Protein chains: 2
Amino acid sequence: MPQNKKQSDDKIARFESALKAAGLKLTYQRLEIFRELANAADHPTVEILHQRLKNRIPTLSLDTIYRTLATLEQHGLITRVQTAESQAHFELTIPHHHHLICEKCGRITDFDWPAFDNAPLPEKVSSWGKVFHRKAILHGRCLVCQSVLT
Amino acid sequence: MPQNKKQSDDKIARFESALKAAGLKLTYQRLEIFRELANAADHPTVEILHQRLKNRIPTLSLDTIYRTLATLEQHGLITRVQTAESQAHFELTIPHHHHLICEKCGRITDFDWPAFDNAPLPEKVSSWGKVFHRKAILHGRCLVCQSVLT
DNA sequence: TTACTATATAGGAATAATTACTATTCTCCA
DNA sequence: TGGAGAATAGTAATTATTCCTATATAGTAA
């Protein structure tokens with residue numbers, strides 16, 4: 001899959017220049033944490049990222065992941081996903097995408113909804129203030145969990 | 001405001017019968033925690049509820065609030081609000097309402113958006129599974145925070 | 001390259017939010 | 001009104017996250 005490889009390289013390249021532009025140092029840890037998140041189809045937690053990365057980087061500390069994610073979030077490179085769980089989930093910053101959340105397994109799936117992105121907002125909203133981002137979150141049960149009892 | 005008083009009584013009455021129907025005991029603490037949440041215009045955290053209630057109920061423990069909210073959430077009477085903060089926020093369960101979140105002060109404001117509630121979902125969603133609830137979350141800056149520097 | 005300086009990391013300690021434990025109290029029903 | 005089971009208060013424990021500090025590293029300039 002040369003196309004996916006190419007896209008992945010693009011992300012890394014953009015990441016590297018974004019770090020430089022922000023005056024942040026390009027460290028092995030930051031690169032690998034970002035790469036892991038970029039390749040993850042799910043929306044991993046800090047703990048999960050640590051599990052996945054410590055094979056490659058045995059000395060990687062949890063604190064570094066927390067710090068790195070916080071730094072990258074501040075610079076808009078990654079986004080903290082809102083869930084009702086106690087552990088925070090993360091994803092690359094991708095505009096205009098929305099979330100399906102299975103209330104049984106908790107998995108978060110991305111989907112696009114251009115009609116929602118472009119729909120006019122209700123009047124009350126303009127009297128509240130200025131909106132920068134909009135997000136749709138759908139809760140339900142995924143096909144896998146529908147086929148499971150209870 | 002006899003109308004608001006009436007609505008509040010209605011909520012309490014429905015709450016009491018919901019507890020009975022669920023086989024849960026009607027305790028002073030549960031009633032007051034629910035009442036406080038029902039009257040709150042904001043979306044309080046456990047800590048805030050505790051602050052507000054301990055005037056009336058000095059011995060009320062944090063654990064009771066945590067336990068009570070968890071119980072009421074399990075029975076669908078209240079809802080845990082998804083935010084990026086570490087502390088959980090709660091509200092009465094009210095179908096078809098959405099959230100405006102100010103990225104400066106963090107305050108959560110409710111709004112209605114019937115056009116969103118009734119909009120057709122993208123095709124991909126039906127191949128994912130079955131959707132029970134949909135929610136729109138708008139991030140931006142409220143008028144008060146717009147008038148503040150930085 | 002090499003040396004320097006400021007930033008980043010590892011590892012462990014500390015904090016914050018939430019949940020568990022247990023003796024006591026209270027609700028509900030007979 | 002009494003008794004059984006559920007709920008609470010107070011505290012201890014756990015979980016998620018952040019802080020602290022000595023060491024290591026990246027980026028820069030000679």
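Computed from a prediction, not measured in an experiment: that's the story for all the values here. Excluded from the calculations below are hydrogen atoms, water molecules and symmetry mates; all remaining heavy atoms, backbone and side chain alike, are included. Letters go in sequence order (proteins before strands), and every chain restarts at 1.
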Report task. Over 60° means perpendicular and under 30° means parallel, so classify the ring planes of A/H99 and A/H97, tilted if in between. Result -> perpendicular
Report summary line: Rounded to whole Å, the CG-C1' distance (A/L26 to C/dA8) equals 12 Å
Query raised in the report: OP1, OP2 of C/dT9 versus side-chain N and O of A/T64: anything below 4.0 Å?
Result: no
Query raised in the report: Any side-chain N or O of A/R67 under 4.0 Å from OP1/OP2 of D/dT18?
Result: no
Expected rows: protein N/O vs nucleotides 18-20 of chain C N/O, under 3.5 Å:
unit_1 : atom_1 : unit_2 : atom_2 : d
C/dT18 : OP1    : B/A88  : N      : 3.1
C/dT18 : OP2    : B/Y66  : OH     : 2.5
C/dT18 : O5'    : B/Y66  : OH     : 3.4
C/dA20 : N6     : B/D63  : OD1    : 3.4
C/dA20 : N6     : B/D63  : OD2    : 3.3

Requested in this report: Specify the residue among B/L24 and A/P58 whose closest nucleotide of DNA chain C lies further upstream toward the 5′ end.
Outcome: A/P58
Report task. Find the distance B/H50:NE2 to D/dT8:P and express it as a whole number of Å. Result -> 13 Å
Query - Complementary nucleotide for D/dA30 - Watson-Crick or wobble, under 3.5 Å - result: C/dT1
Query - Phosphate OP1/OP2 of D/dA7 contacted by B/T27 side-chain N/O (<4.0 Å) - result: no
Query - Spacing between A/L60 atom CG and C/dG11 atom P, to the nearest angstrom - result: 9 Å
Query raised in the report: For B/H139 and B/E103, does a side-chain donor sit closer than 3.5 Å to a side-chain acceptor?
Result: no
Requested in this report: Take the protein atom CD1 of A/I57 and the nucleotide atom P of D/dT25, then report the distance between them rounded to whole Å.
Outcome: 13 Å
Query - Distance in angstrom units between A/L49 CG and D/dT17 P, rounded - result: 12 Å
Query - Salt-bridge contact A/D110-A/K135 (side-chain N to carboxylate O under 4.0 Å) - result: no
Requested in this report: Map B/T68 and B/K25 onto DNA chain D by nearest heavy atom, then report which one ends up closer to the 5' terminus.
Outcome: B/K25
Requested in this report: Take the protein atom NE2 of A/H89 and the nucleotide atom P of D/dA16, then report the distance between them rounded to whole Å.
Outcome: 11 Å
Query - Under 3.5 Å: donor-acceptor pair, side chain of A/Q146, backbone of A/R141 - result: yes
Requested in this report: Examine D/dA9: is either OP1 or OP2 under 4.0 Å from a nitrogen or oxygen in the side chain of B/Q29? Give yes or no.
Outcome: yes
**Report entry** d(NZ, B/K54; P, D/dG10) in whole Å
**Finding:** 12 Å
Report task. Please find out if less than 6.0 Å separates the ring center of B/H133 from that of B/H96. Result -> no
**Report entry** A/E91 with A/R80: basic N within carboxylate O range, under 4.0 Å
**Finding:** no
Query raised in the report: Is the centre of the A/F116 ring less than 6.0 Å from the centre of the A/H98 ring?
Result: yes
Query raised in the report: Given atom CG of B/L31 and atom P of C/dC28, what is their separation to the nearest angstrom?
Result: 11 Å
Query raised in the report: Where the side chain of B/S61 is concerned, which of D/dG10, D/dA7, D/dA26 is the nearest nucleotide?
Result: D/dG10
